[in-house]
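For reference, the structure is listed below as structure tokens.
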Amino acid sequence: MDIALSGNGVLIGLLGIIALVIALIYVLRSVFGGKSPEYYQEMYSGEDHKESLETRTKYAGANVFKHSSTIFRFGLVASLALTVMAFAWTQYEQNIDVSMYDLEVEEELEIEPPRTAEPPPPPPPPPPPVIEEVPEEEIIEEEEPVFLDQTVEEDTEIEEIVEVEEAPPPPPPPPPEPEVDEIFKVVEEMPRFPGCDAGSAAEKKACADKKLLQYLYKNLKYPAIARENGVEGRVYIQFVVERDGTVQDGKIVRDIGAGCGQAALKVVNDMNNLPQRWTPGKQRGKSVRVLYTLPVTFKLEG
């Protein structure tokens with residue numbers, strides 16, 4: 001037997017059991033309570049009443065233990081009913097119709113290209129040497145050259161002078177290329193909203209898109225000023241799905257005003273509070289950062 005109770009059903013059943021317990025207490029007190037010992041003395045004045053294990057009381061009319069088995073069975077029934085209600089308590093997930101919404105991005109939407117880390121600029125060239133002009137009055141006269149005796153005789157031994165040229169120092173190594181943390185717009189495996197890990201790639205994408213729309217329109221709050229002024233349209237939110245599945249750098253690409261853009265951006269930023277992260281995008285089997293554009297439709301009912 002399949003029993004399913006909502007939260008209201010469990011609450012009503014619990015209140016009913018409490019009401020039955022209170023009614024039972026009231027009945028027992030009205031039957032056995034409110035009678036003085038003189039009442040029982042007068043009732044049993046002509047009888048030779050003695051204490052016995054059967055009555056457990058001085059007067060048989062005041063014996064409340066004879067109903068203990070009934071009260072015990074009532075307690076068992078109440079406990080069983082509480083257990084059944086606890087196991088039958090079923091929470092139903094709110095069914096949100098997302099058939100009128102989609103995640104298609106309009107072609108004419110101009111999306112700002114992702115900004116990646118730019119390499120540092122080259123160092124500035126060294127300043128040219130400064131040539132200082134020497135005043136004429138400070139010119140130092142050169143001393144007269146001293147000539148050495150370079151006379152060569154027959155017995156003079158001439159030593160060959162070998163000039164050794166020193167090798168120039170090696171050039172400094174080029175600076176290492178900076179690592180550019182690239183943000184992709186399209187990859188082999190696009191990131192997916194969590195909760196869909198079974199089936200083919202197309203089935204995973206369809207499931208993830210549906211769950212994303214359900215999460216979006218379940219938590220999205222239509223701004224009061226937009227509702228009062230009849231503001232409708234599409235807001236585009238752009239964010240980066242990181243390698244660990246977190247959502248970062250969320251911003252409004254296109255807004256319709258009246259607080260709709262901020263409301264949509266809040267729902268996107270709250271994705272990091274979910275128990276599961278996004279499935280990151282992959283390029284050549286490696287997780288990469290991917291730019292994701294999410295359209296959010298604001299439409300008044302009726």
Side chain to side chain, [X] and [Y], heavy atoms closer than 4.5 Å:
X	Y	result
L294	L212	yes
T293	Y236	yes
V187	V288	yes
R289	E182	no
D197	T279	yes
L82	M85	yes
R284	E188	yes
I237	I252	yes

How far apart are the closest heavy atoms of [X] and [Y], and which atoms are they?
X	Y	result
G257	V231	O-CG1, 4.3 Å
K211	P194	CD-O, 3.9 Å
N269	G250	OD1-CA, 4.4 Å
A264	V235	CB-CG1, 4.3 Å
V241	P280	CG1-CA, 4.3 Å
P223	F298	CD-CE2, 3.9 Å

T297/Y217 under side chain to side chain contact (heavy atoms under 4.5 Å, CB included): CA gap, chis, key distance, verdict: CA-CA 9 Å; T297 302; Y217 294 105; 3.6 Å; yes
Can a donor-acceptor pair be found, under 3.5 Å and without considering hydrogens, that links the side chain of [X] to the backbone of [Y]?
X	Y	result
N272	T246	no
Y222	A263	no
Y292	M190	no
Q248	E242	no

Residue pairs passing the disulfide bond (SG atoms under 2.5 Å apart) test where at least one lies in residues 196-244, sequence neighbours excluded: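 Applying disulfide bond (SG atoms under 2.5 Å apart) to every pair that reaches into residues 196-244, excluding sequence neighbours, yields C196-C207.
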Could you grab the distance from atom [atom1] of [X] to atom [atom2] of [Y], nearest 0.5 Å is fine?
X	Y	atom1	atom2	answer
D244	W278	CG	CH2	13.5 Å
L15	L20	CG	CG	11.0 Å
C260	R254	SG	CZ	14.5 Å
M271	K266	CE	NZ	12.0 Å

With a 4.5 Å cut-off on side-chain heavy-atom distances among I, L, V, M, F, W and Y, is there a chain of contacts connecting [X] to [Y]?
X	Y	result
I256	L300	yes
L265	L274	yes
L291	V186	no
V21	L24	yes

For residues 198-206, tabulate all N or O donor-acceptor pairs below 3.5 Å that involve a side-chain atom, not counting sequence neighbours.
from : atom 1 : to   : atom 2 : distance (Å)
S200 : OG     : E203 : N      : 3.4
E203 : OE1    : S200 : N      : 3.1
K205 : NZ     : D209 : OD2    : 2.9

